[in-house]
Amino acid sequence: MRFKQADYYCSTSNKAYALKGLNIYKSLYVQSLINNSQSVKKRALEGLIRCSKKLGLSTKEYEKELGIKSEKVQKRPSILKNSLYNIRLGKGYVDFFFRYPLKSSDIRSSTLKSRSVYKKIYDIAGRLAIRAKSYRLRSIKRMRIGQYNSKTIRIVLEDTHPIRSKLTIIGNKLRIYLVPLSSPSDKSTSKRTKSKQTKKPKVPTIVTNASKVIVIDPGHGGKDTGAIGYKRKREKDIVLLIAKRVYQELKKRGFKVYLTRRGDYFVTLRNRTRMANRVKANLFLSIHANAAPNKKKYFSMKGLETFFLSPARSVRAKRIAALENRVDMKNLSYYSKNVFLNFINREKTILSNKLAIDVHRSILAKLRQKYSVKDGGVRPGPFWVLVGAQMPSILVEVGYITNPTEAMRLSNPLYQKYIAQGIAEGVQNYFLHTQSR
Ligand SMILES: [Zn+2]
């Protein structure tokens with residue numbers, strides 16, 4: 001029994017043994033997610049906590065997953081103690097200097113309009129260490145700074161036109177750019193500014209596609225051909241062609257894009273997500289093509305399916321995952337601490353689900369302009385390639401290469417282009433929907 005083994009390793013005073021025990025608990029934990037077994041999950045998490053403590057590693061994520069409250073309370077006062085001690089006016093921007101580094105979650109923004117006065121309000125956690133003051137600026141009519149309540153500093157920008165401002169945080173400096181109305185730059189933000197006025201206060205962030213990094217992962221490659229379908233078409237070849245088109249489409253939209261492989265060679269699952277983590281990707285998209293389990297089903301099984309990482313609930317998701325996981329399933333101990341911890345992140349699962357929905361919907365809508373395509377749905381699934389990704393990640397099965405019609409379509413440049421455009425459109429929609437992230 002592996003639990004006994006892990007318990008034993010963790011109970012020794014040998015560090016190498018304790019690490020070994022930790023890794024066994026990790027793999028048990030992953031197994032529990034795949035089999036959706038609550039009791040195994042609980043035992044594995046308890047073991048992970050015990051073993052991590054012994055090794056002096058953080059147990060926070062495990063405790064969160066187990067439902068134990070962490071000592072967050074202690075940290076809070078230091079955030080409230082932050083203070084604004086200096087303001088410097090620059091050309092087209094204003095710099096605010098704080099005692100401690102700021103986080104975007106310390107800042108809330110909102111927009112107000114009354115008659116012909118437009119106001120942009122920034123509420124920042126902290127105290128004003130200088131006198132409240134009003135400024136006249138070149139780019140906007142007025143800027144006021146004051147203590148809104150005991151915990152909040154308020155900055156109000158005022159003008160007779162809607163105000164377009166952007167923020168950046170550099171350590172303990174907050175810079176607000178005041179974009180003149182006539183500025184032709186950045187068409188993409190104008191839409192968002194409009195919709196923002198009707199919404200509740202939001203954490204402001206600068207959203208431009210150029211600041212978003214996306215990693216496209218063409219499945220399989222090299223010795224791993226993936227599925228082989230109608231007319232001996234190989235999954236690894238088809239998904240590479242599609243991935244390259246996705247790359248182009250996303251580039252066109254201004255995103256920063258990387259491919260995990262650019263040719264027909266083998267890349268381990270671990271290295272695919274490693275790369276995504278290294279380039280600090282915002283999204284990870286793995287592209288695959290599906291295959292029916294046997295000849296009898298070559299005609300009946302078809303359609304588009306999109307997966308996000310989660311314990312499999314359906315037999316179907318389990319089957320497809322088993323197929324895609326085949327290559328380096330055995331190397332569970334690979335997963336480093338960080339990589340593994342991220343797997344337990346519930347927020348990431350929610351975002352991945354959202355991403356899956358946006359992308360899936362957009363591909364279907366695009367393809368259906370010209371083709372009739374079966375909607376295989378968005379599903380949770382235990383895909384190893386997604387395990388290591390520290391960012392929202394999905395796996396798209398673009399169609400069944402064992403189905404003659406779909407195999408031919410998937411090899412058709414126009415069909416590939418439509419899929420690529422659909423994916424890019426979906427990514428764009430995802431960022432619009434989750435703007436504040
Ligand atoms: Zn595949």
Side-chain angles (χ1 to χ4, degrees), residues 34 215-247 259-276 283-294 297-298 301-310 312 314-331 352 355-356 359-360 363 373-374 376-389 393-403 406-411 415-416 419-420 422-423:
I34 292 169
V215 170
I216 308 295
D217 172 48
H220 314 280
K223 66 177 182 186
D224 172 19
T225 52
I228 294 179
Y230 179 68
K231 290 201 169 167
R232 311 243 0 115
K233 287 184 186 301
R234 300 181 300 185
E235 178 183 359
K236 66 171 183 179
D237 302 327
I238 285 175
V239 295
L240 181 63
L241 289 169
I242 294 173
K244 283 184 172 171
R245 289 182 188 274
V246 177
Y247 176 91
L259 283 164
T260 54
R261 69 172 173 103
R262 300 184 152 267
D264 184 17
Y265 47 84
F266 181 71
V267 185
T268 62
L269 297 183
R270 178 178 62 146
N271 281 339
R272 292 167 194 256
T273 41
R274 255 199 188 166
M275 173 188 179
L283 301 179
F284 180 83
L285 310 172
S286 194
I287 298 174
H288 289 254
N290 223 330
N294 57 56
K297 292 182 175 163
Y298 279 5
M301 288 187 90
K302 57 186 175 183
L304 175 80
E305 287 159 336
T306 306
F307 294 87
F308 59 99
L309 182 67
S310 194
S314 64
V315 176
R316 190 188 174 109
K318 270 189 189 166
R319 185 190 69 78
I320 297 168
L323 216 66
E324 300 294 9
N325 289 337
R326 220 166 18 192
V327 197
D328 39 14
M329 186 81 180
K330 46 187 186 274
N331 297 318
S352 299
L355 174 65
V359 168
H360 187 82
I363 303 174
V373 179
K374 190 188 162 195
V378 170
R379 291 203 179 84
F383 292 91
W384 291 113
V385 70
L386 305 181
V387 169
S393 44
I394 57 169
L395 186 145
V396 184
E397 296 277 4
V398 291
Y400 279 78
I401 56 166
T402 42
N403 178 286
E406 288 201 339
M408 294 319 283
R409 282 178 176 179
L410 290 169
S411 322
Y415 197 80
Q416 291 173 350
I419 291 176
I423 292 177

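As the structure lists them, so they are numbered: ligands from 1, and atoms in each ligand from 1. Note that the structure is a prediction, hence the values are computed from the model and not measured.
Judged by distance alone, the side chain of Glu397 and the main-chain N or O of Asn290 form a donor-acceptor pair under 3.5 Å. Ser352 contributes no side-chain N or O that, together with a main-chain N or O of Ile394, makes up a donor-acceptor pair within less than 3.5 Å.
Nearest N, O or S atom of His220 to the Zn ion (ligand 1): atom NE2. His288 contributes atom ND1 as its closest N/O/S atom to the Zn ion (ligand 1). Within Glu235, the N, O or S atom at minimum distance from the Zn ion (ligand 1) carries the name OE2.
The one candidate from Val359, Val378, Ile419 that meets the side-chain contact (heavy atoms from CB on, under 4.5 Å) condition with Val396 is Val359. Of the candidates Arg261, His288, Lys236, His288 is the only one forming a side chain to side chain donor-acceptor pair (under 3.5 Å) with His220.
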